[in-house]
Amino acid sequence: MIKYEVKLLEGIERKEIEEKRSGAAALIEKMRGDEFGGWVDLPENYDKEEFAKIKAAAERIREQAEILVCIGIGGSYLGHRALIEALGGERGRTKILFAGNSLSARELRKVIAEVQGKDFAINVISKSGTTTEPAIAFRVFKKLLIEKYGEDEAAKRIYATTDKSKGALHDEAVDKGYEMFVVPDNIGGRYSVLTAVGLLAIAVAGIDIDKLMAGAKKEMEALRVDGGAAAEYAATRNVLLEKGYDIEILANFEPSFGQFNEWWKQLFGESEGKDGKGIFPASVIDSTDLHSLGQYIQDGRRSLFETFVETEEKLTGVLVPEMEGDIDGLAYLEGREIDEINKLANLATREAHFVGGVSVGRVIMLRIDEEAIGALIYFFEMSCALSGLMLGVNPFNQPGVEEYKTKMFERLGKPGYGEKSKPEDRSVE
């Protein structure tokens with residue numbers, strides 16, 4: 001379902017890419033056997049009972065709540081936020097808000113203000129229940145729920161997605177009677193959007209999760225043997241890295257894909273950025289960013305390459321209006337589809353950047369709908385895992401993420417994290 005094409009600068013041979021991808025089938029088998037390889041066959045082997053439970057809970061949430069506050073960070077929020085926004089936002093009365101993905105009091109206050117006077121529910125997503133950012137947010141919104149509805153009713157409005165048998169959130173959910181969904185042991189957070197981690201909020205938003213999984217399954221089948229287009233993309237990335245191109249920019253001409261770009265950056269950055277290795281993932285939304293980062297991409301250091309996410313779908317009915325006179329110089333565009341203009345701007349950008357010394361790739365969907373987005377998610381997950389293994393790193397761990405936590409806990413004086421910091425030492429540096 002997903003196609004990949006690339007236009008390479010002179011001196012980069014396609015035979016190098018073919019050599020790099022020749023072992024993809026063996027790598028897929030290796031990841032299938034990994035302790036965190038449960039996502040590989042997930043579109044076919046997902047828990048059908050839990051899936052039905054997710055759909056039933058989503059229907060109940062839509063009936064009881066005007067707002068669902070999703071509390072999570074990293075892989076526990078980026079994927080479902082990306083999918084909901086890429087597919088045009090909520091399709092029913094229940095609005096999805098996000099909290100627990102930062103330590104900003106200002107952002108938290110915004111969400112608190114939005115739930116005032118509204119019926120709301122919470123989906124808290126955390127395998128442990130002790131990750132600082134979501135744990136703080138959960139305390140805040142749990143308190144608001146209890147104040148509004150009382151403890152018994154509040155418990156009926158809390159949905160916990162967590163470890164199946166242990167952890168602080170699991171134990172609290174059992175004790176208080178929250179409805180629970182499982183964060184699978186064999187799927188890491190950034191590969192988990194097609195599990196209960198992402199699917200509950202997506203279903204509450206009115207998106208057809210059956211179609212989403214069907215699209216992912218079709219892509220899985222297309223990539224099953226040797227990785228297909230995903231393996232070619234992964235191999236291309238690694239060959240470009242070997243040539244000194246260590247920055248990849250994901251470009252999209254649809255603003256609704258802004259959060260999708262953020263999901264992609266976590267997926268590739270957290271999977272490959274270790275052991276002193278990896279391609280730095282960056283992103284742009286064009287044509288907006290052509291008026292900012294476009295200058296650097298066109299004329300800056302030649303250490304980058306670009307991958308465009310595109311759709312073949314043609315959106316009709318939004319035209320450039322006809323006007324008397326030609327004050328703004330747009331007479332030549334009158335009556336033309338704005339989607340056509342956007343696609344031609346995309347083509348022109350690829351041409352200009354290639355002339356400027358940038359290899360440009362294209363990841364192409366047929367259209368933007370549930371099936372296509374499901375396929376795109378699976379395509380990038382497979383590409384990322386293959387790319388990491390080709391690079392020689394473990395694409396399923398993230399040891400560096402713990403470093404900031406250790407330093408933060410030392411500053412905050414958390415028990416067990418070194419000598420308690422003195423107040424004068426707690427400034428942000």
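Aromatic ring orientation, Phe98 versus His80: tilted (interplanar angle from 30° to 60°). Between Phe380 and Trp263, the angle of the ring planes goes over 60°, which puts this pair in the perpendicular group of the 30/60° scheme.
When the shell of 6.0 Å around NZ of Lys277 is examined, it contains more than 12 heavy atoms from other residues, nucleotides or ligands. Atom CZ of Arg32 has more than 12 neighbouring heavy atoms from other residues, nucleotides or ligands inside a 6.0 Å radius. Counting non-hydrogen atoms of other residues, nucleotides and ligands closer than 6.0 Å to NZ of Lys405 gives a total above 12. Few gaps surround CZ on Arg91; more than 12 heavy atoms of other groups in view lie less than 6.0 Å from it.
By the 4.5 Å heavy-atom criterion applied to side chains, Val183 and Lys164 are not counted as neighbours. Considering only heavy atoms from C-beta on, Asp163 comes within 4.5 Å of Asp185 through its side chain. No side-chain heavy atom of Ser359 sits less than 4.5 Å from a side-chain heavy atom of Tyr245.
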(request) Dump the intermediate steps for side chain to side chain donor-acceptor pair (under 3.5 Å) on Arg237 and Ser387, then the final yes or no. (result) CA-CA 7 Å; Arg237 300 178 83 251; Ser387 185; 2.8 Å; yes
(request) Run the numbers on Gln295 and Asp299 for side chain to side chain donor-acceptor pair (under 3.5 Å), then give the verdict. (result) CA-CA 6 Å; Gln295 171 62 43; Asp299 286 338; 3.2 Å; yes
(message) Please determine whether side chain to side chain donor-acceptor pair (under 3.5 Å) holds for the pair Ser271 and Tyr191, giving the CA-CA distance in whole Å, both sets of side-chain angles, and the decisive distance to 0.1 Å.
(response) CA-CA 10 Å; Ser271 295; Tyr191 293 85; 3.3 Å; yes
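Using a 3.5 Å distance cut-off with no hydrogens or angles, the side chains of Ser102 and Glu133 do not pair a donor with an acceptor. Under the 3.5 Å distance criterion, with hydrogens and angles disregarded, no donor-acceptor pair is assigned to the side chains of Thr349 and Asp286. No donor-acceptor contact under 3.5 angstrom links the side chains of Asp41 and Tyr46, judged on distance only. Asn123 and Thr161 share a side-chain donor-acceptor pair at under 3.5 Å. For Thr94 and Glu66, the side-chain atoms include no donor-acceptor pair closer than 3.5 Å.
A cation-pi arrangement is present between Lys142 and Phe138 under the rule of less than 6.0 angstrom and at most 45 degrees off the ring axis.
You'll find the ring centres of Tyr178 and Tyr159 outside the 6.0 Å limit. Ring centers of Phe396 and Phe36: at least 6.0 Å apart, outside the cut-off. Aromatic rings from Phe268 and Trp264 are positioned such that their centres are separated by under 6.0 Å.
The residues Lys343 and Glu310 are annotated as not salt-bridged, no charged nitrogen and carboxylate oxygen being separated by less than 4.0 angstrom.
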